Amino acid sequence: MSVRVRFAPSPTGYLHVGGLRTALYNYLFARKHGGKFILRIEDTDRTRFVAGAMENLITTLRWSGLDFDEGPDAGGPHGPYIQSERTGLYQRLGKELLEKGHAYKCFCTAERLDEMRMLQQRMGQPPRYDKFCEHLTATEIKEKEVAGLPFVVRMKVPERTVRFQDEIRGLIEIDPSNIDDQVLLKSDGFPTYHLANVIDDHDMEITHVIRGEEWLPSTPKHILLYDYFGWQHPKFAHLPLLLNSDRSKLSKRQGDVAVEDYRAKGYEREALINFVAFLGWNPGTEKELFSLEELEKEFDLDRVGKSGAIFNVDKLNWYNQQHLKAKPAEEILDQIRPVLAEHAIQAPDSFVLRVIELMRDRVNFLPEFVTFALYFYQDPAGYDQETIRAKWMPDTLIWLQNLAGRLAGISVFSHDQIEAALKETAESLGIKPGGLVQPLRIAVSGVSAGPALYHMLEILGKETVIRRLEKAVTTIQL
RNA sequence: GGCCUGUUCGACUAGGGGUUUAGGUCAUCGCCCUUUCACGGCGGUAACACGGGUUCGAAUCCCGUACAGGCUACCA
């Protein structure tokens with residue numbers, strides 16, 4: 001049987017990085033084993049409906065490079081892939097459970113339930129449904145139905161131990177005697193996660209359920225449901241959690257958790273994927289940098305760890321830098337076009353490409369190819385006074401004037417010619433070249449940090465350099 | 001509270017009875033390269049939660065304790 005896995009997020013408005021990792025592992029597992037990756041939207045909680053959330057989720061998932069084979073807008077033989085469009089199925093199967101005696105109608109009000117839990121709590125007992133409605137007689141049920149009382153469908157949880165093999169954690173044993181009679185169908189007719197999840201995973205022929213560790217305790221309920229329906233359950237793999245720096249479950253309160261946030265900050269999808277892949281998995285070798293394609297070949301569940309991993313932005317930044325360094329200049333150019341436009345920069349591609357190569361090792365985020373290199377496109381608006389104070393000598397401006405003259409005389413404005421001219425100027429002035437280097441950089445670019453000076457000047461061209469030098473000589477004040 | 005899961009440098013992790021003076025990466029510190037800023041190179045600091053057991057031998061297997069996290073909804 002070929003592998004079929006799914007990512008089944010609830011559309012809350014954005015894609016959580018933990019969700020991205022779950023999606024990634026599912027995707028990689030499918031690709032590795034030549035199977036299918038399915039996207040299913042779990043929107044059975046109408047009170048948490050967020051307009052546009054699903055569309056945003058799909059956009060972000062696609063941005064990250066995780067293509068799904070079946071899903072809401074990709075179609076497929078097991079649709080619809082949105083749970084709110086499948087309620088008929090859940091109701092039919094819920095009824096089947098009722099008829100088989102594996103579930104019962106519960107008419108308890110929210111008030112009674114609250115009161116019951118309060119009482120249990122006060123007596124130091126675990127809060128649990130007291131099965132009040134399980135023992136309703138047929139006539140009592142009829143009466144309540146006729147009266148039009150709202151009800152839920154609860155599953156009967158038996159008093160026996162459920163065992164299952166987790167692909168990551170090994171044998172798990174849970175005694176459902178300490179599990180609630182779970183609500184399967186809510187009073188609004190929608191299913192809960194547990195029911196919908198089991199039905200859909202079966203209906204969509206899912207072979208491996210790869211999900212977060214938070215689902216581990218409720219897996220026995222799911223296994224029971226498969227049993228009740230007479231279905232074989234898929235294999236389960238529960239992934240370790242992603243953590244805040246204080247080791248609590250990764251949350252919005254402590255920094256950015258939305259993939260969209262990282263995208264907006266200029267992180268590369270490749271870096272985010274590489275980083276997140278290593279949060280809980282490693283290849284067992286010392287290779288750190290992986291493309292999605294390489295991950296597809298290397299990934300497998302048997303190298304996924306068991307303990308939670310802290311989401312460490314420093315390391316993400318490093319991955320980002322590494323992926324940026326490896327990216328072809330043409331691709332970078334395409335990606336920074338919007339940033340160039342934002343700064344109203346118009347320059348030939350060939351020119352921008354040269355700037356990109358020069359800036360490569362000095363950039364951590366994509367937009368910095370532009371924002372750290374503005375002086376390539378426009379004359380400096382000011383000069384870094386602090387560096388001027390540190391580097392200026394009484395005669396520096398005169399030296400620069402002198403240097404401008406010599407630069408103007410260069411026939412081919414290449415980096416080695418420029419270097420030679422600077423050295424000659426220094427010699428004729430009786431100073432060290434170092435007395436000219438930083439002042440020249442400031443005069444031309446306005447700032448003290450930047451790429452190799454002579455290469456920078458070469459790209460700028462003779463006219464621009466001379467013009468800026470002359471302007472600097474008349475503008476800079478000590 | 002109950003149930004479940006986990007615990008190797010500050011972080012991500014390798015190692016799963018002798019190959020280990022516990023390896024790699026990020027971060028941090030130092031040196032080199034560099035007339036800037038970076039990149040890069042070299043090196044340093046730094047970890048098997050604790051207690052018992054099994055064994056000739058335990059980071060590795062077993063038990064317990066501690067700590068951490070998750071779950072305990074008509075949320076997912």
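Note that this is a predicted model, so its numbers are computed, not measured.
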Asker: Report the residue from A:Y262, A:W318, A:F311 that forms a ring pair (Phe, Tyr, Trp, His ring centres under 6.0 Å) with A:F275.
Answerer: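 Checked A:Y262, A:W318, A:F311 against A:F275; only one passes ring pair (Phe, Tyr, Trp, His ring centres under 6.0 Å): A:F311.
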Asker: For the C1' atoms, the ones on B:rA58 and on B:rG1, what distance do you get once it is rounded to whole angstrom?
Answerer: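 Their C1' atoms lie roughly 36 Å apart.
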Asker: May I ask you to say what A:S448 touches in the nucleic acid, namely base, sugar-phosphate or nothing, with a heavy-atom cut-off under 4.0 Å?
Answerer: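 Base, at least one base atom sits under 4.0 Å.
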Asker: Rounding to an integer number of angstrom, what distance separates B:rA76 and B:rC71 when you compare their P atoms?
Answerer: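 Going atom to atom, P in each nucleotide, I get 14 Å.
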Asker: Counting only side-chain heavy atoms from C-beta out, which of B:rG6, B:rC12, B:rU35 sits nearest to A:V437?
Answerer: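 So the side chain of A:V437 is nearest to B:rU35.
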Asker: Taking the same atom, P, in B:rA38 and in B:rC31, what whole-Å distance lies between them?
Answerer: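 B:rA38 and B:rC31 have their P atoms separated by 15 Å.
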Asker: Would you say the side-chain atoms of A:R163 pair up with the backbone N or O of A:I174, donor to acceptor, closer than 3.5 Å?
Answerer: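 It does not hold such a pair.
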Asker: Please report, rounded to the nearest Å, how far the C1' atom of B:rA11 is from the OH atom of A:Y319.
Answerer: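 About 12 Å, once rounded to whole Å.
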Asker: Mind checking whether A:F68 and A:F37 have parallel, tilted or perpendicular rings, split at 30° and 60°?
Answerer: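 If you compare the ring of A:F68 with that of A:F37, the planes turn out perpendicular.
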Asker: If I pick the P atom on B:rA14 and the same atom on B:rA49, what distance separates them, to the nearest angstrom?
Answerer: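 Approximately 14 Å lies between the P atom of B:rA49 and that of B:rA14.
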Asker: Paired with B:rU28: which nucleotide, if any, by Watson-Crick or G-U wobble criteria at under 3.5 Å for both distances?
Answerer: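 WC or wobble partner is B:rG44.
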Asker: Regarding A:G305, tell me which of base, sugar-phosphate or nothing describes its non-hydrogen contacts under 4.0 Å with the strands shown.
Answerer: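 Touches nothing.
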Asker: Name the pairing partner of B:rU19, where a pair is Watson-Crick or G-U wobble with both distances under 3.5 Å, or state none.
Answerer: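 When the pairing criteria are applied, nothing turns out to pair with B:rU19, so the answer is none.
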Asker: Across all strands, who's sitting opposite B:rA49 as a Watson-Crick or G-U wobble pair, both distances under 3.5 Å?
Answerer: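 B:rU65 - that is the nucleotide pairing with B:rA49, both distances being under 3.5 Å.
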Asker: Rounded to whole Å, please give me the gap between CG in A:D175 and C1' in B:rC3.
Answerer: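 The answer, rounded to whole Å, is 9 Å.
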Asker: Picking from B:rA38, B:rC26, B:rU13, which would you name as closest to the side chain of A:K315?
Answerer: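 My answer, after comparing the listed nucleotides, is B:rC26.
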Asker: Need the pair for B:rC37. Rule: Watson-Crick or G-U wobble, both distances under 3.5 Å, any strand; none if unpaired.
Answerer: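 Base partner found: none.
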Asker: Cation-pi check for A:Y129 against A:R154: NZ or CZ below 6.0 Å from the six-membered ring centre and within 45 degrees of the axis, yes or no?
Answerer: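 So A:R154 does make the cation-pi contact.
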Asker: Rounded to whole Å, how long is the line connecting atom CH2 of A:W281 with atom P of B:rA14?
Answerer: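 Distance check: A:W281 CH2 to B:rA14 P gives 11 Å.
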Asker: Check this one for me: any side-chain N or O of A:N282 less than 4.0 Å away from OP1 or OP2 of B:rA14?
Answerer: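 Answer is yes, contact under 4.0 Å.
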Asker: According to the interplanar angle, ranging from 0 to 90°, do the rings of A:F278 and A:Y319 count as parallel (below 30°), tilted (30 to 60°) or perpendicular (above 60°)?
Answerer: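 Rings of A:F278 and A:Y319: tilted, as their planes differ by 30° to 60°.
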Asker: Using the P atom as the point on both nucleotides, what is the distance between B:rC42 and B:rC56, in whole Å?
Answerer: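 My reading of the P atoms in B:rC56 and B:rC42 gives 45 Å.
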Asker: Hey, does A:R211 reach any base, or is it just sugar-phosphate, or nothing, if we go heavy atoms under 4.0 Å?
Answerer: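 Touches nothing.
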Asker: Between A:E286 and A:G450, who's closer to the 5' end of RNA chain B by nearest nucleotide?
Answerer: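 Result: A:E286.
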Asker: Using purine N1 to pyrimidine N3 plus N6-O4 or O6-N4 for Watson-Crick, or N1-O2 and O6-N3 for G-U wobble, each under 3.5 Å, what pairs with B:rU54?
Answerer: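 B:rU54 is paired with nothing.
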Asker: B:rC3 pairs with which nucleotide, Watson-Crick or G-U wobble, both distances below 3.5 Å?
Answerer: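 For B:rC3, the partner nucleotide comes out as B:rG70, under the 3.5 Å rule.
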Asker: Within the structure shown, what part of the strands sits under 4.0 Å from A:K432 by heavy-atom distance: base, sugar-phosphate, or nothing?
Answerer: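 The answer is nothing, as A:K432 stays clear of every strand by at least 4.0 Å.
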Asker: Report yes or no: is there a donor-acceptor pair, N or O only, under 3.5 Å between the side chain of A:K391 and the base of B:rU36?
Answerer: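 Absent.
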Asker: Counting any heavy atom closer than 4.0 Å, what does A:Q321 reach on the DNA or RNA strands: base, sugar-phosphate only, or nothing?
Answerer: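 Sugar-phosphate, no base atom in range.
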Asker: Please give, in whole Å, the distance from B:rU13 P to A:R21 CZ?
Answerer: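 One finds 9 Å between P of B:rU13 and CZ of A:R21, rounded.
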Asker: Which nucleotide in the set B:rU25, B:rU36, B:rU7 lies at the smallest distance from any side-chain heavy atom of A:Q438?
Answerer: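 When the side chain of A:Q438 is considered, B:rU36 is the closest of B:rU25, B:rU36, B:rU7.
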Asker: Scan every strand shown for a Watson-Crick or G-U wobble partner of B:rA59, both distances under 3.5 Å, and answer none if you come up empty.
Answerer: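 By the stated definition (distances under 3.5 Å), nothing pairs with B:rA59.
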Asker: Using atom C1' of each nucleotide, how far apart are B:rC9 and B:rA59 to the nearest Å?
Answerer: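 Taking atom C1' in both B:rC9 and B:rA59, they lie 14 Å apart.
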Asker: Do A:N197 and A:E42 pass the side chain to side chain contact (heavy atoms under 4.5 Å, CB included) test, and can you show the C-alpha distance, the side-chain angles, and the key distance before you say yes or no?
Answerer: CA-CA 8 Å; A:N197 189 261; A:E42 310 228 328; 3.6 Å; yes
Asker: For A:L171 and for A:L453, find the nucleotide of RNA chain B with the closest heavy atom, then tell me which residue's nucleotide is more 5'.
Answerer: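 Final value for this comparison: A:L171.
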Asker: Under a 90° cut-off about 0 for the syn range, is B:rC39 syn or anti?
Answerer: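 For B:rC39, whose glycosidic angle is within 90° of 0, the conformation is syn.
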Asker: For A:K156, I'd like to know if atom NZ has over 12 heavy atoms of other residues, nucleotides or ligands within 6.0 Å.
Answerer: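 Enclosed.
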Asker: Can you measure A:F311 atom CZ to B:rU13 atom P for me and round it to whole angstrom units?
Answerer: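 Nearest whole value for this atom pair: 13 Å.
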Asker: Centre-to-centre under 6.0 Å for A:Y267 and A:F365, is that the case here?
Answerer: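 A:Y267 vs A:F365: aromatic centres under 6.0 Å.
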Asker: How long is the line joining CG of A:L316 and C1' of B:rA27, in whole Å?
Answerer: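 Going from A:L316 (CG) to B:rA27 (C1'), I get 14 Å.
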Asker: Nearest-Å distance, NZ (A:K325) to C1' (B:rC37)?
Answerer: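 Result: 14 Å.
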Asker: Taking the minimum atom-to-atom distance to the side chain of A:R303, which one of B:rC26, B:rA14, B:rU36 wins?
Answerer: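 Selected nucleotide (nearest to the side chain): B:rA14.
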Asker: Report the distance from atom CZ of A:F369 to atom C1' of B:rA38, rounded to the nearest whole Å.
Answerer: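 Answer to the nearest Å: 12 Å.
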Asker: With rounding to the closest Å, how many angstrom separate the P atoms on B:rG44 and B:rC50?
Answerer: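 So the two P atoms sit 25 Å from each other.
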Asker: Should B:rC9 form a Watson-Crick or G-U wobble pair with both distances under 3.5 Å, which nucleotide is its partner?
Answerer: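 Checking every strand shown, B:rC9 finds no partner, since no pair has both distances under 3.5 Å.
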Asker: For A:F132, does the six-membered ring have the charged nitrogen or CZ of A:R112 within the cation-pi criterion, i.e. under 6.0 angstrom from the centroid and within 45° of the normal?
Answerer: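 Output yes; distance and angle both within limits.
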Asker: Side chain of A:L216 only, heavy atoms from C-beta on: which candidate in B:rC37, B:rG6, B:rC4 is closest?
Answerer: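 Of the candidates, B:rC4 comes closest.
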Asker: How does each nucleotide of nucleotides 68-76 of chain B score, in 5' to 3' order, for protein heavy atoms under 4.0 Å: base (B), sugar-phosphate only (S), or none (-)?
Answerer: SSBSSSBBB
Asker: A:F29 and A:H208: aromatic ring centres closer than 6.0 Å?
Answerer: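 That pair passes the under 6.0 Å test.
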Asker: Please give the distance between the C1' atoms of B:rA22 and B:rA68 as a whole number of Å.
Answerer: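 Their C1' atoms lie roughly 24 Å apart.
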Asker: Using the ring of each side chain (for Trp, its six-membered ring), is A:F151 parallel, tilted or perpendicular to A:F107, with breaks at 30° and 60°?
Answerer: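 The rings of A:F151 and A:F107 sit tilted, inter-plane angle from 30° to 60°.
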